[in-house]
Amino acid sequence: DVEAELKQRFKLFVRDLDRGENVIAVKTDEGHASGVAYVIDKLERDDIVGTLAGQDTILVVARSAQAAEALLDEFERLLE
């Protein structure tokens, strides 16, 4: 279950979330950005254009600012 895997990785490795227009910045523990981004990509959602991962930051590109706002809310719930 990809959604369960994403929730687990968010709880373990994600430290902060931020949004600018249609891009969400996901801050992770160092070295874990690519693993979390891989699981986001496995969701294969139409509202996500793609991800770009560095060492500790993922940029999640959404189709629109509205989609990014909804994704940010969803990602924040994964951290609860």
Sub-4.5 Å side-chain heavy-atom contact between V26 and T51 | no
For residues L78 and K11, determine if any side-chain heavy atom of one lies less than 4.5 Å from a side-chain heavy atom of the other.
-> no
How are the rings of F75 and F10 set to each other: parallel, tilted or perpendicular (split at 30° and 60°)?
-> tilted
Does a sphere of radius 6.0 Å around CD in E3 hold more than 12 heavy atoms from other residues, nucleotides or ligands, not counting ones at 6.0 Å or beyond?
-> no
Rounded to the nearest 0.5 Å, the CD1 atom of I48 sits from the CD1 atom of I40 at a distance of 6.5 Å
Which residues share a side chain to side chain donor-acceptor pair (under 3.5 Å) with R19, sequence neighbours left out | none
Are L52 and I24 co-members of a hydrophobic cluster defined by side-chain heavy atoms under 4.5 Å apart?
-> no
Residues 46-65 vs ring-ring contact (aromatic ring centres under 6.0 Å, His included), sequence neighbours excluded, gives none
Looking only at non-hydrogen atoms, find the nearest pair between A37 and A53 and report the distance.
-> CB-CB, 3.8 Å
Quick one: pull up CD in E74 and CD in E69 and give me the separation to the nearest 0.5 Å.
-> 13.0 Å
To the nearest 0.5 angstrom, please state how far the OG1 atom of T57 sits from the CD atom of E30.
-> 10.0 Å
Establish whether V49 and Y38 are linked, either directly or via other cluster members, by ILVMFWY side-chain heavy-atom contacts under 4.5 Å.
-> no
Are R63 and N22 close enough, and set up right, to give a side-chain contact (heavy atoms from CB on, under 4.5 Å), and what steps lead you there?
-> CA-CA 7 Å; R63 294 229 175 258; N22 70 319; over 6 Å; no
Using a strict 4.0 Å threshold on nitrogen-to-oxygen distance, state whether R9 and E5 make a salt bridge.
-> yes
Among pairs that include at least one residue of residues 47-56, which meet salt bridge (charged side-chain N to carboxylate O under 4.0 Å, His left out), considering only residues two or more places apart or in two chains?
-> K27-D56, R45-D47
Separation of R15 CZ from L79 CG (nearest 0.5 Å) = 8.5 Å
Say you draw a straight line from CG of L12 to CG of D29; how long is it, rounded to the nearest 0.5 Å?
-> 9.0 Å
Please indicate whether Q66 has more than 12 foreign heavy atoms, meaning atoms of other residues, nucleotides or ligands, lying under 6.0 Å from its CD.
-> no
Are V23 and L72 connected in a single hydrophobic cluster, I mean Ile/Leu/Val/Met/Phe/Trp/Tyr linked by side-chain heavy atoms less than 4.5 Å apart?
-> no
Joint hydrophobic cluster, L6 plus V61, side-chain heavy atoms closer than 4.5 Å | no
Flag yes if more than 12 heavy atoms outside D46 fall under 6.0 Å of its CG atom; otherwise flag no.
-> no
Smallest heavy-atom separation, L71 atom then A62 atom, equals CD1-CB, 3.9 Å
